[in-house]
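Encoded as structure tokens, the structure appears first; notes follow it.
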Amino acid sequence: QVQLVESGGGLVQPGGSLRLSCVASGRTHSALVMGWFRQAPGKEREFVASIWWTGGATDYADSVKGRFTISKDNAKNTVFLQMNSLKPEDTAVYYCAATYYPSNVHYETSWAYWGQGTQVTVSS
């Protein structure tokens, strides 16, 4: 089992920035992949970004490329999502996720472990 705890959500104005954090604990090892999904009201949960614990390869949804950056701190078992140039359409609950050997990181069904979610609201 892997436990995930997110933090860092909040209210921000359009064009602003936020950084989300997710701490992983439990049975983690080098093959872990961690990522972020989000779910806006009335919409399905969608992939945002992912990062491989070993090697650091990243992947992003087209909607956030160039604005969001996923990174990690192996020593602290923590993954970050730096969100810049935020737009109202980025408003959602953001979920941290983790898994091993995903078939396709863009698919929700590829992920085994989920955090409780943190609200991000972009509004003036």
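Here, residue 1 is the first one in the sequence, and each next residue gets the next number.
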Cluster link Leu86 to Ile70, ILVMFWY, side chain under 4.5 Å: yes
Pairing residues for Ser7 by the side-chain hydrogen bond (donor to acceptor under 3.5 Å, both in side chains) criterion, not counting sequence neighbours: none
Residues that Phe68 engages under ring pair (Phe, Tyr, Trp, His ring centres under 6.0 Å), provided they are two or more places apart: none
Residues that Ala98 engages under side chain to side chain contact (heavy atoms under 4.5 Å, CB included), provided they are two or more places apart: Val2, Leu4, Leu32, Met34, Tyr113
Qualifying side-chain hydrogen bond (donor to acceptor under 3.5 Å, both in side chains) pairs, either residue in residues 43-57, two or more places apart: Arg38-Glu46, Arg45-Glu108
Geometric class of the Phe47/Phe37 ring pair [parallel <30°, tilted 30-60°, perpendicular >60°]: perpendicular
With Thr121 via side chain to side chain contact (heavy atoms under 4.5 Å, CB included) - residues at least two apart: Leu11, Thr91, Gln119, Ser123
Set of residues satisfying salt bridge (Lys or Arg N to Asp or Glu O under 4.0 Å) with respect to Arg27, sequence neighbours excluded: none
Minimum heavy-atom distance Pro102-Val105, with the two atoms named: CG-CG1, 3.7 Å
Partner set under salt bridge (Lys or Arg N to Asp or Glu O under 4.0 Å) for Lys87, not counting sequence neighbours: none
For Asn77, all residues meeting side-chain hydrogen bond (donor to acceptor under 3.5 Å, both in side chains), sequence neighbours excluded: none
Set of residues satisfying side-chain hydrogen bond (donor to acceptor under 3.5 Å, both in side chains) with respect to Asn104, sequence neighbours excluded: none
Separation of Asn84 CG from Thr69 OG1 (nearest 0.5 Å): 6.5 Å
Counterpart residues, side chain to side chain contact (heavy atoms under 4.5 Å, CB included), relative to Thr118 (two or more places apart): Glu6, Leu20, Tyr94
For Thr78, side chain to side chain contact (heavy atoms under 4.5 Å, CB included) partners two or more places apart: Ser21, Val23, Lys76, Phe80
In one Ile/Leu/Val/Met/Phe/Trp/Tyr side-chain cluster, 4.5 Å: Val12, Leu81: yes
Shortest non-hydrogen separation from Tyr60 to Ala49 and the atoms involved: CD2-CB, 3.6 Å
From Lys72 atom NZ to Ile51 atom CD1, the distance as rounded to the nearest 0.5 Å: 5.5 Å
Short side-chain to backbone donor-acceptor contact, Trp114 and Cys96, under 3.5 Å: no
Partners passing side-chain hydrogen bond (donor to acceptor under 3.5 Å, both in side chains) against Ser110 (at least two apart in sequence or in another chain): Ser103
Arg67 side, atom CZ; Ser85 side, atom OG - distance, nearest 0.5 Å: 7.0 Å
ILVMFWY network linking Trp36 to Trp111, side-chain heavy atoms under 4.5 angstrom: no
Spatial distance of atom OH (Tyr101) from atom OG1 (Thr99) [nearest 0.5 Å]: 10.5 Å
Pairwise distance OG(Ser63) to CG(Asp90) - rounded to 0.5 angstrom: 7.5 Å
